[in-house]
Amino acid sequence: MTGDAVEEFERHRSRLFGLAYRMLGSAEEAEDVVQDTFLRWHHRSAVESPWAWLAKVATNLCVNRLTSARARRESHVGPWLPEPVLTADGALGPLDSAEQRDFVSLAFLTLLERLNPVERAVFVLREAFDYSHRQVAEVIDSSEANSRQLYRRARLRLTDAPGRAEHLVDRSHHRDLVKGFLAAAEEGDLPGLEKLLAHDVTVWVDGGGRIGTARRPVSGANRVARYLIGASRTTGQRIRLSIAELNGAPGLLALAGEELIGVLVPEMAGGLISEIRIIADPAKLRLSHWGALSGS
């Protein structure tokens with residue numbers, strides 16, 4: 001492969017990762033798809049439009065992976081949650097608008113699991129990459145009419161999902177709420193923490209079968225507050241919490257020394273924390289894309 005070909009691929013690497021991550025909800029698998037796409041790029045014939053070619057290859061690799069991933073996720077011990085990504089450095093592309101941030105939130109990526117692999121491909125290409133139905137049809141080797149039908153079906157499934165709502169969130173208030181959450185959690189302030197939570201708040205924990213993590217959702221402000229404070233006290237380690245931008249929104253990194261042992265991503269509605277997703281599965285916390293967190 002020539003240096004020019006490698007350079008051309010590298011120009012699209014970040015965007016390919018963003019596409020694969022939105023499709024798969026897994027940074028590790030997205031990185032694998034980018035690498036597999038690179039190997040196919042190495043053996044390509046003449047290509048008129050590099051991005052169109054790369055996006056088609058990556059999308060179809062993702063569709064194949066999603067097809068095989070369904071069984072694994074259904075047998076996952078406890079809730080399966082997407083793998084969070086640090087986004088302050090632009091890992092998932094521009095997240096300037098509320099809509100762009102919503103489309104990479106853990107809540108929305110979890111919701112996308114309702115779609116079959118091809119529906120998800122159509123939805124992601126249309127919503128996140130502004131593809132026309134003609135372009136989508138070329139990627140999935142189908143007709144424009146079928147692309148439109150798949151897109152309508154996907155939107156209907158997402159719109160009708162329980163708890164799905166459009167959130168207009170004040171970013172500064174969201175960050176202030178997370179700061180308040182951090183202070184209350186570190187101080188073990190149960191009443192203070194409870195005041196920040198909606199009465200019907202729910203927490204989901206993806207511990208990957210890890211002992212001591214909740215395997216069913218915990219709901220209700222008092223129960224959630226007690227669970228969070230209790231969990232922080234029973235780890236047997238001194239935990240340091242640090243605010244970071246995760247999937248376009250403020251979240252918390254839980255560190256024991258220099259080791260990342262958990263990620264907490266709160267969702268806000270009505271000025272209070274309405275949902276919390278906690279990722280404590282070691283397999284989702286050991287990847288190179290987390291980088292050096294000691295200074296977070």
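What you see is a predicted model; the values in this text were computed from it and never measured. Computation of the quantities below employed the complete heavy-atom set of this structure, encompassing side-chain atoms and omitting hydrogens, waters and symmetry-equivalent molecules.
Applying the salt bridge (Lys or Arg N to Asp or Glu O under 4.0 Å) test to Glu138 and every residue at least two apart in sequence or in another chain returns Arg134. Considering only residues two or more places apart in sequence or on other chains, Arg22 meets the salt bridge (Lys or Arg N to Asp or Glu O under 4.0 Å) condition with none of them. Partners of Arg13 under the side-chain hydrogen bond (donor to acceptor under 3.5 Å, both in side chains) rule, at least two apart in sequence or in another chain, are Glu10. Every residue meeting the side-chain contact (heavy atoms from CB on, under 4.5 Å) condition with Ser219, not counting sequence neighbours, appears here in chain and number order: Thr202. When the side-chain contact (heavy atoms from CB on, under 4.5 Å) test is applied to Ala225, the partners found at least two apart in sequence or on another chain are Leu190, Leu193, Glu194, Leu197. Every salt bridge (Lys or Arg N to Asp or Glu O under 4.0 Å) that Glu119 has, sequence neighbours left out, goes to Arg153, Arg157. Every residue meeting the side-chain contact (heavy atoms from CB on, under 4.5 Å) condition with Ala58, not counting sequence neighbours, appears here in chain and number order: Leu16, Leu19, Val33, Thr37. Under the side-chain hydrogen bond (donor to acceptor under 3.5 Å, both in side chains) criterion, Thr67 pairs with no residue at all, not counting sequence neighbours. A search for side-chain hydrogen bond (donor to acceptor under 3.5 Å, both in side chains) contacts involving Ser105 returns nothing, not counting sequence neighbours. Not a single ring pair (Phe, Tyr, Trp, His ring centres under 6.0 Å) links Phe129 to another residue, sequence neighbours left out. Remark: Glu8 pairs with Arg11, His12, Trp41, Pro50 by the side-chain contact (heavy atoms from CB on, under 4.5 Å) rule, at least two apart or across chains.
Taking the side chain as every heavy atom from C-beta outward, Val57 and Phe38 never approach each other to under 4.5 Å.
A distance-only check finds no donor-acceptor pair linking the side chain of Thr159 to the backbone of Leu156 [under 3.5 Å]. A donor-acceptor pair is defined here as one N or O able to donate and one able to accept, closer than 3.5 Å; such a pair exists between the side chain of Asn247 and the backbone of Val104. Under a 3.5 Å cut-off, the side chain of Glu29 and the backbone N or O of Ser26 do not form any donor-acceptor pair.
Sequence neighbours left out, not one pair with a member in residues 89-100 passes salt bridge (charged side-chain N to carboxylate O under 4.0 Å, His left out).
In this structure, Arg44 forms no cation-pi arrangement with Trp53, as its terminal cationic atom is not both closer than 6.0 Å to the ring centre and no more than 45° off the ring axis. Relative to the six-membered ring of Tyr131, Arg126 misses at least one condition, a distance below 6.0 Å or an angle of at most 45° to the axis.
Within a 6.0 Å radius of NE2 in His173, other residues, nucleotides and ligands contribute more than 12 heavy atoms.
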